[in-house]
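What you see is a predicted model; the values in this text were computed from it and never measured. Naming: A, B, ... by sequence-line order, numbering from 1 per chain. Side chains are part of it too, since the values below use all heavy atoms of this structure and drop only hydrogens, waters and symmetry mates.
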Protein chains: 2
Amino acid sequence: MVAASVECMSAVLLAEPEEATRSFLERHLAQDGFEVVGVTDGEALELLERLCPDLVLIGDPEGLELCRRLRERDREVPVILLGSQESDPVDRVRAFDRGCDDYLDRPFHYDELVARIRAVLRRVAPPESEQMTAGEIEIDRPTRRVTVVGRRVVLPTKEYELLLKLASDPQRVFTKDELLRDVWGFRSAGRTRTLDSHASRLRRRLGGGYVRNVWGVGYCLLGD
Amino acid sequence: MVAASVECMSAVLLAEPEEATRSFLERHLAQDGFEVVGVTDGEALELLERLCPDLVLIGDPEGLELCRRLRERDREVPVILLGSQESDPVDRVRAFDRGCDDYLDRPFHYDELVARIRAVLRRVAPPESEQMTAGEIEIDRPTRRVTVVGRRVVLPTKEYELLLKLASDPQRVFTKDELLRDVWGFRSAGRTRTLDSHASRLRRRLGGGYVRNVWGVGYCLLGD
DNA sequence: CGGGGCGCCAGATGTCCTTTCAGTCGAGTC
DNA sequence: GACTCGACTGAAAGGACATCTGGCGCCCCG
């Protein structure tokens, strides 16, 4: 099994009531390059808002209701349901109606689960091109080369990753939580000073006031 | 079975060698609001470029190879494979590796197939318009950009949130309590001065008397 | 085993927003 | 037409947030 790209590991929220399965999945998914937080389903909804995971994996046999409540909050987050052993097509259709993205019966093969997770994520986050441009900023991912108006800029790792994220949608305003999660990973919520610090340095290195702060919200690369 | 969204019926390219299954699916999918073109797998690649379908359904038991060739042409088109009866997890993992989006074993339930088709299309299609419009006011949520008759308006956080709320139903009159609760949060009931103040400034910044007061009740964005 | 680069953090400072207050204006009522 | 209550708005106080700077610790590389 190939490890996920280092660039950005996907964050998976795992709602699985049974201890053994949960820790099994936590361990193996982590090995396969996912950042996993396992919870019992009671905690799932609450964590959803805090963590903003890339995907939710619901292992609860009663997961249907959770799926619905989750969708109610109007999150775009993809959901994969692990069914109960006796699922029939009707159950599955109902699950899809509730907005889930895939449904896998138990007992399942771990590799198939991973394949399905990847298939869903592939869809949600379409592949980024090797060459990114944002205004006068050019980023060449294979070589990690960044140029601003032709001038070469060398960036340390975190600043480079932060730039990548911001450049993925240059006009868009990213919230601090979002940036912290995607660049620093799941469990970094609240460390705004760290983000601020890097944003500040990135701004200085790029020059030209590219990195702009949106008060009380976060940052964007090309405001206005 | 709910009919497909009226907005735009999805075009499905169906590559299924077996005559009976093909016509069955053609007929039923058409009834369920899809635009279906059924072909044998030889023709699929060629038609792919001409038709640009929204989704490809591969019924061929040898569909793996087709899926690969299809992906080679680097189309973003989603693909669902209908497996052969004897598929095992290894086959399925291989299929996902080839880039397919879902895999359904035969014999399958038609309703489940439709549910899965919808789930995949849901993912692919809607980068839902994050665009709101209220009269001549346009709001782009990702960039937090607000324009009035083309003129760009910059808003501080609270005013922006207030505008969002008002624009969510521009004609409607929102009571002050409602606005306070939704923008300032639960425990803010009674602080009408604060709301007044922000409404006043929002009105001034938007110009054109958009934010209108309804005496003794609250505010609305487009009165009359 | 030392040095430098980098990630992370905390305190000081400055900036901008929010809230409140106070005075005025306007609408509705008798 | 006078009175009352609510709405409007400028200014000022206060707070929340952003930025910068310097320091500490870690890891990689020499």
Side-chain angles (χ1 to χ4, degrees), chain A residues 6-9 35 144 146 152-166 173-221 223-224, chain B residues 144 146 153-166 173-221 223-224:
Chain A
V6 187
E7 295 277 312
C8 166
M9 52 186 356
E35 203 173 353
R144 295 173 63 95
V146 178
R152 174 76 190 282
V153 177
V154 181
L155 296 177
T157 320
K158 284 293 178 205
E159 288 171 46
Y160 176 75
E161 288 174 8
L162 179 58
L163 174 61
L164 272 193
K165 181 70 186 165
L166 290 172
V173 178
F174 293 89
T175 67
K176 293 193 168 195
D177 280 346
E178 211 169 349
L179 294 169
L180 274 167
R181 182 183 63 89
D182 286 355
V183 178
W184 279 264
F186 247 149
R187 285 170 255 268
S188 306
R191 301 204 255 174
T192 68
R193 293 296 183 68
T194 301
L195 168 57
D196 291 349
S197 209
H198 285 84
S200 160
R201 268 185 241 154
L202 176 61
R203 176 186 303 127
R204 204 180 320 154
R205 273 200 253 261
L206 293 181
Y210 282 107
V211 178
R212 294 167 76 101
N213 171 264
V214 178
W215 214 88
V217 182
Y219 295 91
C220 72
L221 192 52
D224 306 7
Chain B
R144 298 172 63 95
V146 178
V153 177
V154 181
L155 296 178
T157 317
K158 284 290 179 214
E159 287 171 45
Y160 176 75
E161 288 172 8
L162 179 58
L163 174 61
L164 273 192
K165 180 71 186 164
L166 291 172
V173 178
F174 294 88
T175 68
K176 293 195 168 193
D177 280 346
E178 207 170 354
L179 294 169
L180 275 168
R181 180 163 36 88
D182 288 355
V183 177
W184 278 266
F186 267 125
R187 280 172 260 278
S188 305
R191 301 204 268 181
T192 69
R193 293 297 178 68
T194 302
L195 170 56
D196 291 349
S197 195
H198 285 85
S200 162
R201 264 180 298 176
L202 178 60
R203 176 186 302 127
R204 195 186 325 154
R205 274 200 252 259
L206 292 180
Y210 282 107
V211 178
R212 294 165 77 101
N213 173 262
V214 179
W215 214 85
V217 183
Y219 296 92
C220 74
L221 192 53
D224 305 6

- How many Å lie between CZ on B:Arg201 and C1' on D:dT9, as a whole number? 10 Å
- Message: OP1 or OP2 of D:dT9 versus the side-chain N and O atoms of B:Ser200: is any pair under 4.0 Å?
- Response: yes
- Message: Both A:Ser197 and A:Arg205 contact DNA chain C. Which one's nearest nucleotide lies toward the 5' end?
- Response: A:Arg205
- Is A:Trp184 near enough to C:dC8 that one of its side-chain N or O atoms lies under 4.0 angstrom from OP1 or OP2? yes
- Note on the structure: From CG of A:Leu195 across to P of C:dC6 the rounded distance in Å is 19 Å
- Compare side-chain N and O positions of B:Arg204 against OP1 and OP2 of D:dG10 and report whether any pair is under 4.0 Å apart. yes
- Message: Please determine whether a side-chain nitrogen or oxygen atom of A:Arg203 lies at a distance below 4.0 Å from atom OP1 or OP2 of D:dT19.
- Response: yes
- Item | 4.5 Å side-chain heavy-atom contact, A:Leu162 and A:Val211 | no
- Quickly work out the B:Glu159 CD to D:dT9 P distance and round it to whole Å. 12 Å
- Message: Does a side-chain N or O of B:Tyr219 approach OP1 or OP2 of D:dG6 to a distance below 4.0 Å, or not?
- Response: no
- Item | Separation of D:dT19 P from A:Arg212 CZ (nearest whole Å) | 11 Å
- Item | D:dA18 OP1/OP2 closer than 4.0 Å to side-chain N/O of A:Lys176 | yes
- To the nearest angstrom, the NE2-C1' distance between B:His198 and D:dT9 comes to 13 Å
- Query: Reckon A:Thr192 touches a base, only the sugar-phosphate, or nothing at all at heavy-atom distances under 4.0 Å?
  - Reply: nothing
- Min side-chain heavy-atom separation A:Asp177-A:Arg181 under 4.5 Å: no
- Task: Provide, to the nearest angstrom, the distance between the CG atom belonging to A:Asp196 and the C1' atom belonging to D:dT19.
- Result: 8 Å
- salt bridge (charged side-chain N to carboxylate O under 4.0 Å, His left out) against B:Arg205, all qualifying residues, sequence neighbours excluded: B:Glu159
- Task: May I ask you to establish whether A:Arg144 and A:Tyr160 are in a cation-pi arrangement, using a distance under 6.0 Å from NZ or CZ to the six-membered ring centre and at most 45° from the ring axis?
- Result: yes
- A:Asn213 has an atom CG; how far is it from atom P of D:dA16, in whole Å? 17 Å
- Message: Rounded to whole Å, please give me the gap between CG in A:Leu202 and P in D:dA18.
- Response: 16 Å
- Message: Between B:Arg193 and C:dC21, is there a contact of a side-chain N or O with OP1 or OP2 at under 4.0 Å?
- Response: no
- Message: Does C:dT18 have OP1 or OP2 under 4.0 Å away from a side-chain N or O of A:Trp215?
- Response: no
- Message: Just so I know, are the side chains of A:His198 and A:Trp184 near enough to count as touching, which here means a heavy-atom distance under 4.5 Å?
- Response: yes
